Chemist: 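Once you've had a glance at the structure underneath, I'll fire off some questions.
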Number of protein chains: 2
Amino acid sequence: MVQTQILSKNQQMVFQIIEKAKGPLKAYSILNDVQKKGIKAPLQVYRALDKLLELGKIHKIESKNAFVACKNSNCEITKATAFSICEKCEKVTEINNSKLSNYLSDFQDNTGMKYNKYNLEFFGFCKKCK
Amino acid sequence: MVQTQILSKNQQMVFQIIEKAKGPLKAYSILNDVQKKGIKAPLQVYRALDKLLELGKIHKIESKNAFVACKNSNCEITKATAFSICEKCEKVTEINNSKLSNYLSDFQDNTGMKYNKYNLEFFGFCKKCK
DNA sequence: TTAATAAATGTTATAATATAACAAGCCGTT
DNA sequence: AACGGCTTGTTATATTATAACATTTATTAA
């Protein structure tokens with residue numbers, strides 16, 4: 001049987017909150033939200049987050065320890081991510097630029113290392129804030 | 001008077017440990033080391049780290065919450081950093097590639113945002129581990 | 001359909017990472 | 001000497017994340 005990936009109950013709850021949010025959410029703020037709906041402990045949130053990351057449904061903004069829903073419709077596995085982050089209003093946007101992703105996916109340094117994943121975070125001021 | 005930037009006592013102690021290390025160090029492992037030399041509390045380490053980051057003497061590897069000494073001799077302010085990270089042996093190397101840094105510094109997305117800083121982390125297997 | 005196995009959940013406790021708040025010292029300048 | 005800025009010391013606490021173990025639910029395979 002073909003496995004349509006269905007999210008479990010907790011995974012769904014966590015995902016919906018992240019998806020609806022206007023910006024990146026922190027784990028404990030998610031916890032706060034889902035506590036109304038039955039989840040009680042941090043670990044339940046972190047487990048859902050781990051799974052969602054693995055599925056590529058969400059990404060982690062490392063510089064903020066926060067999570068956003070993936071906006072690239074077909075992104076099933078997180079292996080090449082780029083974000084722009086406004087240092088004033090904290091707005092985060094996932095960059096979807098094939099030139100950039102091709103450039104980075106093909107990038108080779110002089111160490112003979114073969115990359116299979118990258119994460120890029122740009123910082124600056126967004127149109128509103130500059 | 002011309003201010004030659006001198007590191008303070010704690011800043012120096014913390015910097016030396018990071019500089020000598022073979023790989024990225026975590027804040028509390030640094031604390032552990034410097035406790036022999038008088039520093040007692042996490043905050044003393046974090047304050048030194050903040051200053052060293054600000055001066056560009058060290059960088060933070062966001063995906064690891066760990067710190068490395070800057071290897072680009074002239075890097076006085078951290079505004080464009082790129083690292084390669086081995087997922088097996090955890091080796092971290094600072095990438096010093098002017099093509100890459102030019103490409104990224106000039107990068108413009110379609111949101112009209114002006115970037116003044118970026119951080120890029122590549123993941124894969126190093127020559128030894130692949 | 002049942003037994004086996006894998007995935008997800010629930011729960012308590014605790015580890016690891018980082019900052020708040022306040023007091024005091026050092027050092028160069030005026 | 002007095003001021004201002006930076007650095008230090010210290011205690012407490014906030015924030016982020018995982019360990020360990022028991023249980024339940026879902027999926028697969030006999």
Side-chain angles (χ1 to χ4, degrees), chain A residues 1-18 21 23-68 76 78 90 92 119 121, chain B residues 1-18 21 23-68 90 92 119 121:
Chain A
M1 179 206 173
V2 180
Q3 171 63 330
T4 318
Q5 180 64 55
I6 299 289
L7 298 178
S8 75
K9 182 165 65 80
N10 288 0
Q11 289 158 18
Q12 230 163 18
M13 279 170 49
V14 168
F15 181 59
Q16 281 174 11
I17 285 171
I18 297 174
L25 293 183
K26 305 225 160 201
Y28 277 72
S29 120
I30 294 168
L31 174 59
N32 199 57
D33 280 3
V34 294
Q35 272 174 336
K36 301 162 199 158
K37 300 176 188 166
I39 285 182
K40 287 184 183 155
L43 194 45
Q44 294 170 289
V45 171
Y46 279 104
R47 284 198 284 228
L49 290 172
D50 281 350
K51 191 70 188 186
L52 293 168
L53 285 168
E54 191 188 317
L55 295 171
K57 307 281 287 178
I58 63 171
H59 303 302
K60 182 172 186 182
I61 308 300
E62 294 285 358
S63 60
K64 291 177 162 296
N65 297 317
F67 303 87
V68 294
E76 294 199 350
T78 299
E90 311 254 296
V92 170
N119 179 53
E121 297 180 6
Chain B
M1 178 209 172
V2 180
Q3 171 64 332
T4 317
Q5 182 61 57
I6 299 287
L7 299 178
S8 76
K9 182 166 66 82
N10 288 359
Q11 289 158 17
Q12 229 162 20
M13 280 170 49
V14 168
F15 180 60
Q16 281 174 10
I17 285 171
I18 297 173
L25 293 183
K26 304 225 162 203
Y28 276 72
S29 120
I30 294 167
L31 174 59
N32 199 58
D33 280 2
V34 293
Q35 273 175 335
K36 301 162 197 157
K37 299 176 190 165
I39 285 184
K40 287 185 182 155
L43 193 44
Q44 293 171 289
V45 171
Y46 278 104
R47 284 198 283 226
L49 289 172
D50 282 350
K51 191 69 188 187
L52 293 167
L53 285 169
E54 194 188 315
L55 296 172
K57 307 280 288 176
I58 64 171
H59 303 302
K60 182 172 188 183
I61 309 299
E62 293 285 357
S63 60
K64 293 179 161 295
N65 296 317
F67 303 86
V68 294
E90 311 253 297
V92 170
N119 179 54
E121 298 180 6

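What you are looking at is a predicted structure, and each value in this text was computed from that prediction instead of being measured. Chain letters run A, B, ... following the sequence lines, proteins first, then strands; residues in each count from 1.
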Chemist: Answer yes or no: does a side-chain N or O of A:Tyr46 lie under 4.0 Å from OP1 or OP2 of D:dA17?
Modeler: yes
Chemist: Report yes if a side-chain nitrogen or oxygen of B:Lys64 is closer than 4.0 Å to either non-bridging phosphate oxygen (OP1 or OP2) of C:dT17; otherwise report no.
Modeler: no
Chemist: Determine: side-chain N/O of A:Lys26 to OP1/OP2 of D:dT15, distance under 4.0 Å, yes or no.
Modeler: no
Chemist: Find the distance A:Asp50:CG to D:dA19:P and express it as a whole number of Å.
Modeler: 10 Å
Chemist: With no hydrogens and no angle check, is any side-chain donor or acceptor of B:Glu121 less than 3.5 Å from a backbone partner on B:Ile61?
Modeler: no
Chemist: Are any non-hydrogen side-chain atoms of A:Leu7 and A:Val14 less than 4.5 angstrom apart?
Modeler: no
Chemist: Is any side-chain heavy atom of A:Gln11 closer than 4.5 Å to a side-chain heavy atom of A:Lys57?
Modeler: no
Chemist: A:Leu55 CG to C:dA8 C1': how many Å, rounded?
Modeler: 13 Å
Chemist: Under 4.0 Å from OP1 or OP2 of C:dG10: is there any side-chain N or O of A:Gln44 that close?
Modeler: yes
Chemist: State, with a plain yes or no, whether a side-chain heavy atom of B:Leu31 is found less than 4.5 Å away from one of B:Lys26.
Modeler: no
Chemist: Once you round it to whole Å, what is the distance between P of C:dT17 and CD of A:Glu62?
Modeler: 14 Å
Chemist: Heavy-atom nearest nucleotide on DNA chain D for B:Lys9 versus A:Tyr28: which residue maps closer to 5'?
Modeler: B:Lys9
Chemist: Between D:dT25 and A:Ser8, is there an OP1 or OP2 to side-chain N/O distance shorter than 4.0 Å?
Modeler: no
Chemist: Could you tell me the separation between the CZ atom of A:Arg47 and the C1' atom of D:dT16, rounded to a whole number of Å?
Modeler: 16 Å
Chemist: Phosphate oxygens OP1/OP2 of C:dG10: is one of them under 4.0 Å from a side-chain N or O of A:Asn10?
Modeler: yes
Chemist: Does the side chain of B:Ile39 come within less than 4.5 Å of B:Ile30's, by heavy atoms?
Modeler: no
Chemist: Can you tell me if the side-chain N/O atoms of A:Asn65 get under 4.0 Å from OP1 or OP2 in C:dT17?
Modeler: no
Chemist: Round to the nearest Å and state the distance from A:Leu7 atom CG to C:dA7 atom P.
Modeler: 15 Å
Chemist: On the nucleotide C:dT11, are OP1 or OP2 found under 4.0 Å from the side-chain N or O atoms that A:Lys40 carries?
Modeler: yes
Chemist: Measure CG/B:Leu43 against P/C:dA20 and give the value in whole Å, please.
Modeler: 9 Å
Chemist: Using whole Å, report how far CD of B:Gln35 lies from P of D:dT8.
Modeler: 16 Å
Chemist: Can you tell me the distance, in whole Å, between the CD1 atom of B:Ile30 and the P atom of C:dA18?
Modeler: 10 Å
